[in-house]
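First up is the structure itself, then whatever we jot down about it.
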Amino acid sequence: MKYFFFIFVFCFKFLLLCNISDAQNISDIKKQKEKSEKEIDYLNGLLKNLQNEKFAFDKKLNIIISKIEESKKVIDLLNTEISFYNKSIERNKEKIRELENIKKEMLDLYAKLIYGNWKKRNKGDNRMFILASSDFNQAYKRFKYLQQIQDYSKKQLKQIRSINDSLVLINDNMEREVISRDFAAKEVTSQQKKLKAEENGQKNLIAKVRKKEKNLRKKLNIELANRRKLEKR
């Protein structure tokens, strides 16, 4: 009886110790599981913040890219305008050269008519040419003829000078426009370079966030696997 009683006490103690040990193990597992869940919540929170941050970076990047595209359009338009003005200036300069040649030809013709041919023919100046007339009517006609030549030449020269001055004025205005648009194009190009630098900065930030997100997801997956193990235990 004593023997059986001893065995009974021993088994009871053994079972009691096992239950205490199991209870301690379960308590430890629960603590580990709680710790793991807290870590999972913390990692999920970080991931959510990163996703929000990445969304903000992506949004800003899209805005910067849109600005760059718009600045390219502005530069193209300005360059088109500058090219148009430059071509117009060249055409005007060509017209000025043509008018200068016409003016020179007219002056030469005027000199030949009045101071050349008539002087040689009558061996005197215009006055002698008139005085050499056979009668008053012929003298009057010669006088009117010479006067018409002078008036016509003066009128033509005046028109040429007027057109020439107008073209010079137009050219001056166009050159100012070209300078203005060239300055604007340089300003836009400078702004575009800044936007490009900002774009590269945003891309680097997004790359860093993605790398960080990848590492966090890796840690989260490890922690989720650890929690599953603890749940099984």
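Residues L167 and M174 fall into different hydrophobic clusters, defined by Ile, Leu, Val, Met, Phe, Trp and Tyr side chains chained together at heavy-atom separations under 4.5 Å. Neither L43 nor L230 shares a network with the other; the hydrophobic side chains, linked directly or stepwise wherever heavy atoms of I, L, V, M, F, W or Y lie under 4.5 Å apart, form separate groups for each. Criterion: ILVMFWY side-chain heavy atoms under 4.5 Å apart, direct or through other members. Under it, V178 and L78 are not part of a common hydrophobic cluster. Both L216 and Y42 are part of a single hydrophobic cluster, where members link through side-chain heavy atoms under 4.5 Å apart.
Once rounded to the nearest 0.5 Å, the distance linking CD of E177 with CD1 of I170 reads 12.5 Å. Between atom CD of residue E34 and atom CD of residue Q32 there is a gap of 11.0 Å, rounded to the nearest 0.5 Å. Taken from CG in D41 to CG in L220, the straight-line distance is 10.0 Å, to the nearest 0.5 Å. Rounding to the nearest 0.5 angstrom, the gap separating the CG atom in N204 from the CD atom in Q202 is 9.5 Å. Rounded to the nearest 0.5 Å, atoms NZ (K211) and CG (L50) are 13.5 Å apart. How far NZ of K38 is from CD1 of I40: 13.0 Å, rounded to the nearest 0.5 Å.
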Start with the C-alpha gap between Q191 and K194, add the side-chain angles, then the distance that decides, and say whether side-chain contact (heavy atoms from CB on, under 4.5 Å) holds.
-> CA-CA 5 Å; Q191 187 64 28; K194 289 177 183 177; 4.2 Å; yes
Steps toward side-chain contact (heavy atoms from CB on, under 4.5 Å) verdict (R227, E231) = CA-CA 6 Å; R227 186 178 68 178; E231 283 173 351; 4.0 Å; yes
Show your reasoning for whether salt bridge (charged side-chain N to carboxylate O under 4.0 Å, His left out) applies to K186 and D182.
-> CA-CA 6 Å; K186 285 177 181 176; D182 188 52; 3.5 Å; yes
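Contact annotation: the side chain of K203 approaches that of E199 to within less than 4.5 Å [non-hydrogen atoms, C-beta and beyond]. Side chains of N221 and L224 form a contact here, defined as non-hydrogen atoms less than 4.5 Å apart.
Sorted by first and then second residue, the salt bridge (charged side-chain N to carboxylate O under 4.0 Å, His left out) pairs with a member in residues 215-226 read E213-R217; sequence neighbours excluded.
Between E94 and R97 a salt bridge is recorded (basic side-chain N to carboxylate O distance below 4.0 Å).
Judged purely by atom type and a 3.5 angstrom limit, S166 uses its side chain to pair as donor or acceptor with the backbone of S162. Put simply, the side chain of N226 never gets that close to the backbone of I222: no donor and acceptor are under 3.5 Å apart.
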Would you tabulate the side-chain donor-acceptor contacts of residues 84-92 under 3.5 Å, counting partners in other chains and residues two or more places apart, or write 'none'?
residue : atom : partner : partner atom : Å
N86     : ND2  : I82     : O            : 3.2
S88     : OG   : F84     : O            : 3.0
S88     : OG   : R91     : NH2          : 3.2
N92     : ND2  : N171    : OD1          : 3.2

In residues 56-74, what donor-acceptor pairs under 3.5 Å come from side-chain atoms, sequence neighbours left out?
residue : atom : partner : partner atom : Å
N62     : ND2  : D58     : O            : 3.2
S66     : OG   : N62     : O            : 2.9
S71     : OG   : K67     : O            : 3.4
S71     : OG   : I68     : O            : 2.6
S71     : OG   : Q192    : NE2          : 3.1

